[in-house]
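Order of appearance sets the numbers: ligands from 1, and atoms from 1 within every ligand.
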Amino acid sequence: MEKLLEIDQLTKVFSFGSILSKIKLTAVDNISFDIKPAEIFALAGESGCGKSTTARMIMGFESPTSGQIIHSGTEVAKNEKVWFTQGIQAIFQDPFGTFNPLRTVDRYFFETVKNYKLAKNKTDAIKLIDAKLKAVGLSYEEFAGKYPSEFSGGQLQRISVARSLLTDPKLLIADEPVSMVDASLRMSIVNLFKELKENFGVSVLYITHDLATAYYVSDRIAIMFRGDIVEMGPVEQVLMEPKHPYTQLLRESIPEADPEKRWNYKIDLSELEYEEYMRKGCKFAGRCPQVMEICKAEMPQDTQVGKAFVKCHLYSESQKSQNEVI
Ligand code: SF4
């Protein structure tokens with residue numbers, strides 16, 4: 001099947017400190033994945049795993065250290081704002097930060113229509129804006145002339161989605177789009193992505209720390225840990241039968257009943273994160289309940305398990321044959 005977006009061996013190295021004692025941290029380490037038309041692909045992991053750096057590179061806010069970003073078969077040049085020029089639109093985390101509190105929200109819509117020459121006159125512009133608002137469950141009448149403060153966070157996030165639809169994008173990049181929205185409204189926003197996919201064939205790169213909504217909305221998922229994709233495949237397989245010990249740990253950390261405490265797995269990122277990023281072998285070796293000697297020395301390679309890929313020595317060919325001999 002055709003690939004709408006292809007990420008090929010993408011790497012981002014950040015340097016810190018002075019000239020004399022420079023420290024390099026590989027925030028995104030040689031990751032590859034693709035997104036197909038009309039597909040919702042989740043990039044998930046805890047804070048500091050590299051998913052937002054990946055999103056920033058795809059959107060052109062950060063240049064990759066190496067690797068390629070290919071959009072509809074064409075390589076995207078470094079720092080090119082694909083989300084602005086090539087049918088990709090971005091939905092950001094904070095719906096209140098997206099709109100200036102002193103401007104009415106409809107002005108943003110008219111500006112986009114004008115910039116992209118999407119309508120011949122004001123009547124056509126209103127028709128277009130109304131159609132996009134209706135696609136997210138709102139209408140022009142209930143939004144015209146209002147300021148951001150007159151809407152709830154959930155409504156404003158719907159409004160940002162409607163605005164992104166004005167240019168008929170093929171792909172939405174949604175970076176933690178529901179993390180600042182009231183818990184009771186989160187499902188309605190992720191449902192919206194499903195509807196856009198089903199009704200208009202829009203693909204979504206859904207970047208999240210929330211496995212519950214990722215499970216609900218995505219077709220495929222990649223789990224990131226310290227810059228690596230450690231497991232990737234159909235969401236049903238990865239989240240219902242996780243193979244990587246880190247995915248298993250994440251999955252266990254989702255309590256069933258209390259949506260407010262969905263992410264109760266807490267670590268001291270400031271120290272541990274750094275140590276894990278710098279690890280020579282598997283970056284999860286310091287916390288993995290199934291760690292082996294080889295894990296501390298060698299970085300595991302991707303191994304296919306069912307329809308998913310797992311980066312873990314437990315599934316590597318050499319380990320499997322050793323286990324058979326024993
Ligand atoms: Fe655990 Fe080793 Fe697999 Fe890493 S490679 S997740 S340490 S078993």
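Contacts of Lys311 with ligand 1, taken as heavy-atom pairs under 4.0 Å, are absent altogether. Residue Cys312 touches ligand 1 through backbone and side chain together, judged by heavy-atom distances below 4.0 Å.
With sequence neighbours left out, the salt bridge (charged side-chain N to carboxylate O under 4.0 Å, His left out) criterion links Lys24 to no other residue.
Both Leu156 and Phe193 belong to a single network of hydrophobic side chains, linked directly or stepwise wherever heavy atoms of I, L, V, M, F, W or Y lie under 4.5 Å apart.
Note on Cys288: not counted as a metal contact of atom 2 (Fe) of ligand 1, no N/O/S atom lying under 2.8 Å. For Cys282, the nearest N, O or S atom to atom 4 (Fe) of ligand 1 falls under 2.8 Å.
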Tyr140 vs Phe109, ring-ring contact (aromatic ring centres under 6.0 Å, His included): CA-CA, chis, key distance, verdict: CA-CA 11 Å; Tyr140 182 77; Phe109 281 65; 8.8 Å; no

Step-by-step side chain to side chain contact (heavy atoms under 4.5 Å, CB included) determination, Thr54 to Met224: CA-CA 10 Å; Thr54 305; Met224 282 194 83; 4.0 Å; yes

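Less than 4.0 angstrom separates some heavy atom of Pro245 from each of these atoms of ligand 1: 1 (Fe), 6 (S). Heavy-atom proximity to Leu314, at under 4.0 Å, picks out these atoms of ligand 1: 8 (S). Of all atoms in ligand 1, numbered sequentially from 1 with element shown, those under 4.0 Å from a heavy atom of Cys295 are 2 (Fe), 5 (S), 7 (S), 8 (S).
The protein heavy-atom contact nearest to atom 6 (S) of ligand 1 is His244 CE1, 3.4 Å. Here the protein heavy atom with the shortest distance to atom 5 (S) of ligand 1 is His313 N, 3.2 Å.
When the shell of 6.0 Å around NZ of Lys146 is examined, it contains more than 12 heavy atoms from other residues, nucleotides or ligands.
For the 3.5 Å distance criterion, the side chains of Asn191 and Tyr216 qualify, holding a donor opposite an acceptor.
A donor-acceptor pair under 3.5 Å links the side-chain atoms of Thr11 to the main chain of Asn30, judged by distance alone.
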